[in-house]
Amino acid sequence: SKNSVQFIPSNRPFLDIPDDFIDLNKNIISYLEEQKNTTQLWTASIQLSAIKNFCDKTAVEHSNFGNGFSMIFPSSEFSNPSEIFLYIVTNFSISDISQYLKCSRQYLNHYYSEIKSKLYIFIDRLDQAMRLDKTDCTLKMWIAMQTGLIEAAWNLMEKNSHIEIFCSIRKEAYEQYESPIKSNLYGCVCELNYSNNELHELINVLCNFYEKCTIEDMVHIGTMGKFKHPKTGNEETVFDYILRHTVSKPRDLVIISSQLKKTFNNSIINKEETLR
């Protein structure tokens with residue numbers, strides 16, 4: 001507040017966390033499988049959010065944005081970028097979306113460039129809003145939505161230096177990202193990686209909190225949690241064995257550890273086979 005910094009959203013925890021992308025028709029899903037389309041939609045959604053929140057409402061000519069986008073301004077809803085994005089893809093046909101984007105692009109760029117105050121936008125957990133086991137989203141859409149978001153964020157920060165946009169996406173999606181600007185954008189990307197020791201410590205902190213023991217003690221195999229591989233004869237710990245069958249994501253390790261706790265008990269005879 002001392003520096004007159006403003007946020008979208010403006011209330012704690014200052015994170016725009018998208019709702020689940022459900023009830024989308026197949027045509028819209030196909031449309032969102034193309035990164036070019038998601039980039040354009042995220043660009044418009046972020047611009048509309050910034051304009052709605054921080055431009056003089058009396059100065060913005062709503063009619064310039066077409067019948068669809070003009071509905072966003074008088075409503076008390078649809079303030080955050082993800083809310084506007086979801087509103088657009090659930091209420092309009094593809095032809096309407098294309099028309100609105102084309103008609104409003106000039107006005108969006110104009111009003112967006114008029115924002116002179118420092119503005120931060122944080123968009124988080126987009127990948128969770130498109131969980132493949134809970135929504136109709138496809139893997140192709142899951143990737144395009146995230147890569148389209150970071151490209152839109154990069155382009156919009158280039159257009160207005162007062163606005164900074166932060167978003168989190170999954171590394172699996174980023175590795176699929178192909179664009180001429182990827183090398184430029186790389187300097188603004190922070191990869192979150194963990195060493196094996198850090199992951200081991202993280203899991204044992206959780207195990208100690210819930211079970212008062214380590215992951216090795218919880219499974220209780222061999223000596224100090226070490227056992228020999230039945231084919232190679234190599235010795236490894238329970239944690240090393242689990243880690244070897246993941247892509248080193250903490251979330252996966254937590255899920256596996258939780259399932260192991262439900263599975264293991266003193267009556268199990270062949271624990272190594274149960275672990276495998």
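These figures come from a predicted structure and were not determined experimentally.
Listed here is the closest heavy atom pair of Leu126 and Met145: CD2-O, 3.7 Å. For Cys167 against Leu149, the heavy-atom pair with the smallest separation is CB-CD2, 3.7 Å. Nearest approach of Lys226 to Glu235, heavy atoms of both residues: CD-OE1, 3.8 Å. In terms of heavy-atom proximity, Thr43 sits nearest to Thr39 at OG1-O, 2.6 Å. Of all the heavy atoms in Leu132 and Cys137, the pair that sits closest is CD2-O, 3.3 Å. Here the shortest heavy-atom pairing between His110 and Ser113 reads O-OG, 2.7 Å.
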- Query: For Ile121 and Glu164, what are the C-alpha separation, side-chain angles and deciding distance, and is it a side chain to side chain contact (heavy atoms under 4.5 Å, CB included)?
  - Reply: CA-CA 6 Å; Ile121 302 174; Glu164 295 190 37; over 6 Å; no

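For residues 90-106, the set of pairs meeting the salt bridge (Lys or Arg N to Asp or Glu O under 4.0 Å) definition, not counting sequence neighbours, is empty. Evaluation of the salt bridge (Lys or Arg N to Asp or Glu O under 4.0 Å) test over residues 209-221, restricted to residues two or more places apart or in two chains, returns Glu211-Lys261. For the salt bridge (Lys or Arg N to Asp or Glu O under 4.0 Å) condition, no pair includes a residue of residues 141-159, sequence neighbours left out. Among pairs with a residue in residues 236-260, those fulfilling ring pair (Phe, Tyr, Trp, His ring centres under 6.0 Å) read His200-Phe239, Phe227-Tyr241, Tyr241-His245, at least two apart in sequence or across chains. Within the structure, salt bridge (Lys or Arg N to Asp or Glu O under 4.0 Å) pairs that include any residue of residues 186-198 comprise Lys171-Glu191 (at least two apart or interchain). Applying the side chain to side chain donor-acceptor pair (under 3.5 Å) test to pairs two or more places apart or on separate chains, those with a residue in residues 8-23 are Asp16-Ser82.
Remark: of the listed residues Asp124, Leu15, Ile123, Asp124 is the sole one forming a side chain to side chain contact (heavy atoms under 4.5 Å, CB included) with Ser168.
For Arg170, the CZ atom sits in a packed shell: over 12 heavy atoms of surrounding residues, nucleotides or ligands are nearer than 6.0 Å.
Under the salt bridge (Lys or Arg N to Asp or Glu O under 4.0 Å) criterion, Lys140 pairs with Glu34, sequence neighbours left out. In this structure, Tyr112 has no ring-ring contact (aromatic ring centres under 6.0 Å, His included) partners at least two apart in sequence or on a different chain. Checked against side chain to side chain donor-acceptor pair (under 3.5 Å), Asn234 has the following partners two or more places apart in sequence or in another chain: Thr232. Partners of Thr237 according to the side chain to side chain donor-acceptor pair (under 3.5 Å) rule, which considers only residues two or more places apart in sequence or in another chain, are Asp240. For Phe14, the ring-ring contact (aromatic ring centres under 6.0 Å, His included) test picks out Phe7, with sequence neighbours left out.
Counting heavy atoms from C-beta on, the side chains of Gln146 and Met130 come closer than 4.5 Å. Counting heavy atoms from C-beta outward, Asp127 and Trp142 have side chains that approach closer than 4.5 Å. Contact of the Asn204 side chain with the Glu201 side chain is not registered, since no non-hydrogen atoms from C-beta on lie closer than 4.5 Å. No side-chain heavy atom of Leu32 sits under 4.5 Å from any side-chain heavy atom of Asn37. Inter-residue side-chain proximity for Leu41 and Tyr31 is flagged as met; some heavy-atom pair is nearer than 4.5 Å.
Aromatic ring pairs are classed by plane angle as parallel below 30°, tilted from 30° to 60° and perpendicular above 60°; the pair Phe122 and Phe166 is parallel.
Through side-chain heavy atoms spaced under 4.5 Å, either directly or across other Ile, Leu, Val, Met, Phe, Trp or Tyr residues, Trp154 is tied to Ile150, Ile169, Tyr174, Tyr177, Ile181, Leu185, Tyr186, Val189.
Side-chain contact, Ser248 with Thr246: no donor N or O sits under 3.5 Å from an acceptor N or O.
One finds the CD1 atom of Ile215 at 11.5 Å from the CG atom of Leu243 (value rounded to the nearest 0.5 Å).
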